Structures are given as structure tokens and as C-alpha cells.
J.: 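Have a look at the structure that comes next, please.
Here is the naming used below: chain letters follow the sequence lines, and residue numbers restart at 1 for every chain. What you are looking at is a predicted structure, and each value in this text was computed from that prediction instead of being measured.
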There are 2 protein chains.
Amino acid sequence: MKKSIQLKSKVLARNDEVADGLRRKLTARGIFCLNLIGSPGAGKTTLLEALLPKLRDRLPAAVVEGDVKTDHDMRRIVAVGTPAVQIETGGGCHLNAEQVIASLEQIDLDGLKLLIIENVGNLICPVSYQLGEHQRMIILSIAEGDDKPLKYPSAFTSSDMVVITKTDLSPYVDASVAEMKANALLVNPNLTVFDVAAKTGDGLEAICDHLITLHGDLKQG
Amino acid sequence: MKKSIQLKSKVLARNDEVADGLRRKLTARGIFCLNLIGSPGAGKTTLLEALLPKLRDRLPAAVVEGDVKTDHDMRRIVAVGTPAVQIETGGGCHLNAEQVIASLEQIDLDGLKLLIIENVGNLICPVSYQLGEHQRMIILSIAEGDDKPLKYPSAFTSSDMVVITKTDLSPYVDASVAEMKANALLVNPNLTVFDVAAKTGDGLEAICDHLITLHGDLKQG
């Protein structure tokens, strides 16, 4: 067991180094990088489908899609007019920095201002792996129940933003958006919390504005 | 990397051995054991809250609750009158057989006919770890989207049953229960598929009947 833990921390330290290199490279090019983490079905791809067309003229983006299997999500992103590349992990429960770097060979970074990495659907394992991101965003659907920040705290303590999705379902589920927000902030008071209904468009503009501000800070920083 | 893979397969082989021992012990006592796997917020605990009172007189049960953090789920199960014990993994992304065996020291197995292990909310990592179960049940909420069996196939190929939950939400989401069923059966044609709305009680009786049949088969087998 000790051997296994030592090996794991070595793997993580090596991944951190690779991620740091990628982050520096992206910063130098003026590209803000976001790592999206959430459960299967939290609404990560649906959020991007709604968000990306609104950002097109202000913050040109590309997306790296991580999935255990299928390239469905990459196709959905391309269909809304944003360049995307798919990583199929074939069983792997998270992305790592090497995979992201390899995938970027298929994307033209010229003129990009935003790189979004949609991690594998998993609220636990992706937390330990830096991918070169400047910030992390947790995606959490109201249908998952408002106690989830308390039950999966490390995703929230290691992140900068939370987006509560599918708020149009809140009349039909035993969960409150206000309670979910309060629980997220209880775990990490520094989180910036948004709520959206991608279906109606409610809340999307606030996220766009925030991403544009973060990109501006990156260039000044 | 090769060293890491060898170490992992050694860990898995050892876990399989321990799980086999537990399965034999439970079989000898006439206890049918079920391993529940699903994403965070799939509705695993809510399904149990609805199911357990219906089973009480026919199939006395106990529950092992696995969570990264909190004992909320154990408390919810005890509140509906079923003995339960909590395993907090403190970051671990799945349960293992040793943890289950240790937790059973806190449960009186006399008179039990059903042991349900609710795994950590994760549709990927728990798949590789046998827990002594006779069968596996995947819990999948309709709010997660009907493509999930295609995107997380190993959970479905390694399982015996699927329960599609929260079907009362289907009028409000872009996902179809029929399509979700079809996708699950495409990945594994041997699955027994149920759909339920724990909120209204629809579909619960069919699961009760099936579990009673499975327990009967165990005694005859």
C-alpha cells in the first residue's frame, strides 16, 4: 500500500510539472484555460453548447473533450461552430496534462483567447490532476441534490467557480438552488457561484462576462 | 507506467479474493448481496428510502453506505427503519471488499436476507472492485441524459440490472426513458432494466418482486 501511495505521488508530481509548463505556454499566448469538472450528466457539454456561440466574437474558444468512450461531445461542440478535439480515455477516470498537450496538436491556437477542457464525468478523480488550467469550474446539476458539495468536498475546495445547472428543473426536484449555493460556499467561501438554465438561457450572460474579465486579468497579470 | 499497472492488477486480484470469501459467507447465510453503482445524485439513496419499507416484511435488509464524506445517507436509511453503517472513504473514489467486511462487524446479520452496498457516487472506478455482491445494479437518473450507457460502458457491461430513476422528470428534460433503456441494452443485452419514480412510487413493486426472486434463486442454487 505504501509503495502504491509513493508511486501515486510521483505520478502526480510529474503531472503537475507538465501542467505548469502548459499553463505558462498558454499564458504567454494570452489564452485563458478552464478545467470543467462534474458528474456524468451534470450538463457540462450542454452548458458549453449554450455558452460558446455567445462568446464567439468576444472570446474565441476551443474545447478539449474528455470521455471514457464516444466522440459525441466533440461533435456537439463542433456543431455549434467551435473547434474541438476528443480524448477517449478508454476506461481512465480523469484526464492528465500529457493527454491535453497531445490533443492540442490537433488545434490551431492562433487567435484563441479561451481553452476549455471538459474533463471525464467524475466528481472525485479529476480533482488531483492539474491540466494546465488557470481556473477550475465545477458543474453541478440541481437534479443531483443540494447536498453534493458536502459529500464531495475536494472538488469544491480545489475550484474557483461553481455553475449550478438545470435550474429550470428546480420546481420538480427536492433540492434548492439557494441551499446548493450555501453548501458550496460552506465548503469553500472563495468560490464564485453561478446558476443557469441552459435550456432558457437564464444566467449565461453572467458567466460570459466573468470569463471575459478573467481573460483580461490574465493579460494584465 | 508498467510498474503502476502491475501493482494495480495485484491490488485487484487481492480484492477479488477477499470479495469471493465474503460472497461465499453471505451465500451460506442465505443473504443476497447487491452492489449499487451510480453517479453522484443518480438517486441511489432515494431509491433505497422508497424500496426498503416495501421489502421489510418480505426481505429483511441492511445497508452499507459508501461516501467520500458525511454520514447523511446512513442516517436517511436508518430513518426508514433499516439497519445501516457508513463507510467514509475520505477521498477514495470507490469501496473495496476489505472496507465492506470491516463495516459488517457493526451489523447483526442474523435474520437478514438482503445486504445492499451503496457504492461511492462514481460511474467509473467502482466497476473494477468486487465487494462480495451476487449482482450489480446501476442507478441512472433520466436527468443525466440518455446517452450515458454509451459513454460509460464498463459500468453496464459488468452489471446485471439497471434502474432508470426520476422518470417523473422526463417531461422536463431532453432525454427519453425508452432511448436510455435501448442504449443500456445495446451495451449489454443481458441487463434487466427497470424504471422508477421514487417520488410517486411508480415501478418500485417490480424491483421488489425481482429481488425476492433473486433471493429465492440463491437459496436453491
Side-chain angles (χ1 to χ4, degrees), chain A residues 1 3-4 6-8 10-11 38-46 67-73 76 88-94 120-128 140-155 165-166 168-175 187 198-199, chain B residues 1 3-4 6-8 10-11 38-46 67-73 76 88-94 120-128 140-155 165-166 168-175 187 198-199:
Chain A
M1 221 46 192
K3 205 169 155 192
S4 160
Q6 282 173 347
L7 198 66
K8 194 168 179 199
K10 224 169 140 182
V11 168
S39 303
K44 298 181 288 299
T45 315
T46 302
D67 274 292
V68 171
K69 211 170 157 70
T70 81
D71 61 0
H72 295 183
D73 289 356
R76 287 171 61 185
E88 282 188 74
T89 67
C93 53
H94 60 83
V120 175
N122 184 330
L123 205 48
I124 306 171
C125 312
V127 172
S128 308
L140 192 63
S141 139
I142 190 65
E144 292 175 57
D146 53 31
D147 58 342
K148 292 307 167 289
L150 306 176
K151 294 177 74 182
Y152 301 86
S154 61
T165 61
K166 311 190 192 183
D168 51 301
L169 292 181
S170 59
Y172 314 111
V173 296
D174 294 328
V187 173
K199 222 172 173 174
Chain B
M1 220 45 191
K3 203 170 156 192
S4 160
Q6 282 174 348
L7 198 67
K8 191 166 182 202
K10 225 169 138 181
V11 169
S39 303
K44 298 181 288 301
T45 315
T46 302
D67 274 291
V68 171
K69 211 170 155 73
T70 80
D71 62 359
H72 295 182
D73 289 356
R76 288 170 60 186
E88 281 189 74
T89 67
C93 53
H94 60 81
V120 175
N122 184 330
L123 205 48
I124 306 172
C125 312
V127 172
S128 308
L140 191 63
S141 139
I142 189 64
E144 292 176 57
D146 51 32
D147 58 343
K148 293 305 167 289
L150 306 176
K151 295 178 73 182
Y152 302 86
S154 60
T165 61
K166 310 190 191 183
D168 53 300
L169 292 182
S170 58
Y172 314 112
V173 297
D174 293 328
V187 174
K199 222 171 173 176

J.: When rounded to the nearest 0.5 angstrom, what distance separates NZ in A/Lys148 from OG1 in B/Thr70?
T.: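 Spacing of NZ (A/Lys148) from OG1 (B/Thr70) equals 9.0 Å.
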J.: Quick check on the interface: out of B/Pro153, B/Ser141, B/Ser128, B/Ala42, who has the most heavy-atom pairs with chain A under 4.5 Å?
T.: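 Sorted descending by pairs with chain A, the first entry is B/Pro153.
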J.: Would you give the length of the straight line joining atom CG of A/Asp67 to atom CG of B/Leu150, rounded to the nearest 0.5 angstrom?
T.: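 It is 11.0 Å, given to the nearest 0.5 Å.
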J.: Let me know if B/Pro40 has heavy atoms under 4.5 Å from chain A in its side chain, its backbone, both or neither.
T.: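 Contact with chain A involves both backbone and side-chain atoms of B/Pro40.
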J.: Does B/Lys199 reach the side chain of A/Asp174, with side-chain heavy atoms less than 4.5 Å apart?
T.: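 A side-chain contact under 4.5 Å exists here.
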J.: Among A/Gly43, A/Gly121, A/Ser154, who wins on heavy-atom pairs under 4.5 Å with chain B?
T.: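 Winner by heavy-atom pair count: A/Gly121.
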J.: With chain A, which of B/Leu140, B/Asn122, B/Val120 has the greatest number of heavy-atom pairs at distances under 4.5 Å?
T.: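 When all of B/Leu140, B/Asn122, B/Val120 are compared, B/Asn122 has the most.
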J.: Who are the side chain to side chain contact (heavy atoms under 4.5 Å, CB included) partners of A/Lys44, not counting sequence neighbours?
T.: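 Per chain and number, A/Lys44 pairs via side chain to side chain contact (heavy atoms under 4.5 Å, CB included) with A/Leu36, A/Glu118, A/Ile139.
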J.: In terms of heavy-atom proximity below 4.5 Å to chain A, should B/Val127 be classed as side chain, backbone, both, or neither?
T.: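 Neither; nothing under 4.5 Å.
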J.: Can you name the closest pair of heavy atoms from A/Gly91 and B/Ile124 and give their distance?
T.: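 Minimum heavy-atom contact is O-CG2, 3.5 Å.
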J.: With chain A, which of B/Gly38, B/Ala175, B/Ala143, B/Gly145 has the greatest number of heavy-atom pairs at distances under 4.5 Å?
T.: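 Heavy-atom pairs under 4.5 Å are most numerous for B/Ala143.
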J.: With sequence neighbours left out, write down each residue that passes salt bridge (charged side-chain N to carboxylate O under 4.0 Å, His left out) with A/Asp168, or none if nothing qualifies.
T.: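 So A/Asp168 forms no salt bridge (charged side-chain N to carboxylate O under 4.0 Å, His left out) with any residue.
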J.: Should A/Cys125 and B/Cys125 count as side-chain neighbours, where that means a heavy-atom distance under 4.5 Å?
T.: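 A/Cys125 reaches B/Cys125 side chain to side chain.
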J.: Working to the nearest 0.5 Å, report the span between CZ of A/Arg76 and CG of B/Asp147.
T.: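 It is 6.5 Å, given to the nearest 0.5 Å.
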J.: If we define contacts as heavy-atom pairs under 4.5 Å, which of B/Val173, B/Leu123, B/Val68 has the most with chain A?
T.: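 Top option by heavy-atom pairs under 4.5 Å: B/Val68.
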